[in-house]
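Down below is the structure, laid out as C-alpha cells.
Proteins get letters first, then strands, A, B, ... in listed order; numbering begins at 1 in each. Model, not experiment: these values are computed from the prediction.
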Amino acid sequence: MVEVKELYKSFPGKKGKKTDVLKDINFKAEPGKIYGLLGPNGAGKTTTLRSVATLLKPDKGTITVNGFDTIKDAGKVRSIIGFLTSDMKLSGNLSPKELMYFFGELNHLKEDYIKKRITELSDYLGMNDFLDKPIQKLSTGMKQKASIAVSIIHDPEVIMFDEPTNGLDILASKIVVDFLYDYKKSGKTVILSTHIMSEAEKLCDSLGIIMDGTLVENDTLENLREKYSEERLENVFFKLASERGLLKNV
Amino acid sequence: MFNDSVIIFRKELKNIFKDKRTIFAIFILPLILMPVIFSSISYVSTLQEKDAEENVYNIIIENSGDPVFEDMLRSSLQFSENEDEYNADTDLRIVFPKGYRPGDISTVKIYYNSLSSKAKYAADVIAGILNSYESSINQKMLESHGLSLSELDNINTEKIDTAPEESQGTDFLSMMIPYMILIYIFSGSMSIGLDTTAGEKDRGSLASLLVNQVSRSSIALGKVFYVIVAGLMNSISSFLGLIIAFSINSKFFGDGVFGGNMNIFTLSNILTLLVSLLTLSGIAASLIVFLGSLARNMREASGYITPIYIIVIVMGVVTMTMDSTMGTGLFFIPIINSVFSMKEILTNQLNTVHFIISTVINLGFISVLVYFTSKLFNSERIINTI
C-alpha cells in the first residue's frame, strides 16, 4: 500500500524563485489494484513517482510505502519497490540474464534466489530465447521485457511504472499491459503513470488526474464516468482540462 | 559499501570486456599504434636525411676563385655548379666578396630556402665546409710563420657527466613518457568515464541504480574504480607501446634512451611507477566521473571535460622540458606531482618524501571528488536530469 498525504514539492526556478510542481497531493494505492496517475506532460506525474521512489524529498507532507516512510526508511522502501521509466533504455554488451543477476546482487539477494528468479521471470515473460544475447542486439519488445525483469528481480511489493509504453509499438505495449494486469492479480500494489487514456481505462482500478501539480480528481473510473456523465475517460479528461483553461494553450 | 562498489565495478568491467572493439581501441591499439607512429617518424626522417645526402644540388658559387674550396665541398656534397644567373632551379648560392683572395678577412653569404629541408641540410654542410676551409687557410698561413694550428689550440674542453651511471641518457625518457602517459590516461578514461555517468543518464538507466539499496557512495566508488582500471590498462598499454617504439627505433631516438639504461627498471622503480600511474588514473577517473555526473547529458559532459583536457595537455607540455628535480612545493599540486614523480623515477632520482607527498595528496584529491560525486547522486538538481 502506498499512501501519499499532503505532498508539496517545488524546484528552484529562474532568478531563484521557486516553482511549485506538486501542491497538496493525496492518494492511496492499494494492494491487488492498479492506481493510475493521469495528466498532460509536465503536470507532475513523474515528480510524484520519483518522490514515492525516494529519489526526491517532499517539501511538505508524507509518503509511506507499506508503512515505511520514504524519508526515514528510504533504504527499506527501496527494497520493496520496483521502478521503471519509459526513458530506461537498456544497452551494452551484457545479456538480460547478466543484468538481472547484477540488479539481484544490488538488491542484496542470495545467489540461489537470484537464479530462481531469473528462471521464473524468463519463463513468465518468455525470455528464454534471448536470455544470453547481448542487450544491444535485442528488439525493442525484447528490451522492454528485459527492463521489466530487471526492475522486479527482487519481487517488489510495489511497482511504479512511469509511462512504460511510451515509444513502444502495439506488440511491445501489450507485453507491458499484460504484465501489469498479472502483477495486480498477484496481490501487489501497482502505480501506473500514463497519458494514454485507453490504457488507463483498461487497467486502472482507481485514478488520480494531475493538472498543473494539483490532483484535480481521485476516484474510481466508474465514479468519474458518473460524475461527469461521460462514458469515455478521454472526455472526462478534456472537460477537466477545459475547466482549467489548458486546452487554450494547445 | 565496498561490496556494492565491487558489484558495480565488476558489472561495468564485464560490459567493457565483452566488447571486442573497445578492448582493441583501449588495450591493443596503443601497443600497435605507438611503435607504428614512432617507426614512421623514424623511417621518414631517415629517408629524408638519406635523400638530402644523395641529392645533386644546383649551386652557384660566386667570386670564390679558389679550387681548394670547391674540392672540399665536392667531397661532402654532390652538386653541379650553375654558371647561369640565380633562377628557380638554383638550390643554393654561395657568395664570396668581390675580389676575394684566400686569407682575406671576409663574409661569405649562403643563400638557401629554409622551406626546403634539403636546402637546409646543404646550407649546414656548406657552413661546416667553410669552417674547415678557414682552418686549412689558417694552417697554411701559420705554417709560413713556422707554426701549426694545433699549437694555438691551447684550451680543450671535455664535459664529464656526473649523473649516476644508471641515470645517464634518461632525460629523453623522462621528458616524453610522463607527457604521453598523462595524455593517454585522460583521453583513455574520458570516453569510458563519460559513458558510465552522463551516458547512463541519456539511457535512463541511472534511475534504476539509484532506486536500489546501494548507497550513493558505493555507486560513485564503483564507477571510479572501473574508470581507474580501464584508464590504467590503457596507460600501461601505451607505456609498453612507447617502450617497444623506442626500443625498435633506438638508432633514431639515440642509444641513450634505452641502449644502456634498462637498469632504471628495477623492482622498486616499477612499483613506484605503478603507484604513480594508479593515483594519476584515480585523479583522471574521479574528475571525469564527477563532471559526467554533474552534466545533464553526454553533450554537456563533453563541454565540461574539454577545457579540463586542454589544461591537462598544457600541464604536460609545460612540464615536459622542466628539470626532473624540482622543489617540494610542486608535489602538492595534483597531476603535476605525478608527472614529476614519474620524471624522478625514470631518471632514477626518486625522492621518497616527494613520492609520499604526491601519493597522499592525490589519494586525498580522489577521496574528495568521490565524496562530491556521491553528493551529486543525492542532489535533486541531478536527480531531475536522469
Worksheet item: Among side-chain atoms of A:Ser95 and A:Lys133, is any donor-acceptor pair under 3.5 angstrom?
Response: no
Worksheet item: Using the ring of each side chain (for Trp, its six-membered ring), is B:Phe225 parallel, tilted or perpendicular to B:Phe9, with breaks at 30° and 60°?
Response: perpendicular
Practice prompt. Determine which residues belonging to residues 14-25 of chain B lie within contact range of chain A, meaning some heavy atom pair is under 4.5 Å apart, and list them by number or answer 'none'.
Written response: B:Lys14, B:Asn15, B:Lys18, B:Asp19
Worksheet entry | Test item: side-chain donor near acceptor, A:Thr48 and A:Ser51, under 3.5 Å | no
Item to complete: Pick whichever of B:Val214, B:Asp195, B:Asp202 has the most heavy-atom pairs under 4.5 Å with chain A.
Response: B:Val214
Worksheet item: Is the NZ atom of A:Lys33 crowded by more than 12 outside heavy atoms at less than 6.0 Å?
Response: no
Worksheet item: Of the backbone (N, CA, C, O) and the side chain (C-beta and beyond), which part of A:Ser79 lies under 4.5 Å from a heavy atom of chain B, both, or neither?
Response: both
Item to complete: Select all residues of residues 70-78 of chain A having any heavy atom within less than 4.5 Å of some heavy atom of chain B, and report them by number, or 'none'.
Response: A:Gly75, A:Arg78
Fill in: Which atoms of A:Gln136 approach chain B - backbone, side chain, both or neither, heavy atom under 4.5 Å
neither
Discussion item. Less than 4.5 Å to any heavy atom of chain B: does that hold for the side chain of A:Tyr101, its backbone, both, or neither?
Written reply: neither
Practice prompt. Say whether A:Asp69 and A:Thr64, considering side chains only, have a donor N or O and an acceptor N or O under 3.5 Å apart.
Written response: no
Worksheet item: Any luck finding a side-chain donor-acceptor pair between B:Asn362 and B:Ser338 under 3.5 Å?
Response: yes
Worksheet entry | Side chains of A:Lys18 and A:Pro12 in contact at under 4.5 Å (non-hydrogen atoms) | no
Discussion item. Less than 3.5 Å apart, any donor N or O on the side chain of A:Glu30 or A:Thr189 sitting next to an acceptor on the other?
Written reply: no
Worksheet item: So, do A:Phe179 and A:Phe161 have ring centers that fall under 6.0 Å from each other?
Response: yes
Practice prompt. Apply the test salt bridge (Lys or Arg N to Asp or Glu O under 4.0 Å) to residues A:Asp155 and A:Lys188: give CA-CA distance (whole Å), side-chain angles for both, the deciding distance (0.1 Å), then the verdict.
Written response: CA-CA 10 Å; A:Asp155 197 15; A:Lys188 305 288 172 72; 2.7 Å; yes
Practice prompt. Identify which part of A:Leu84 has an atom lying under 4.5 Å from any heavy atom of chain B, answering side chain, backbone, both or neither.
Written response: neither
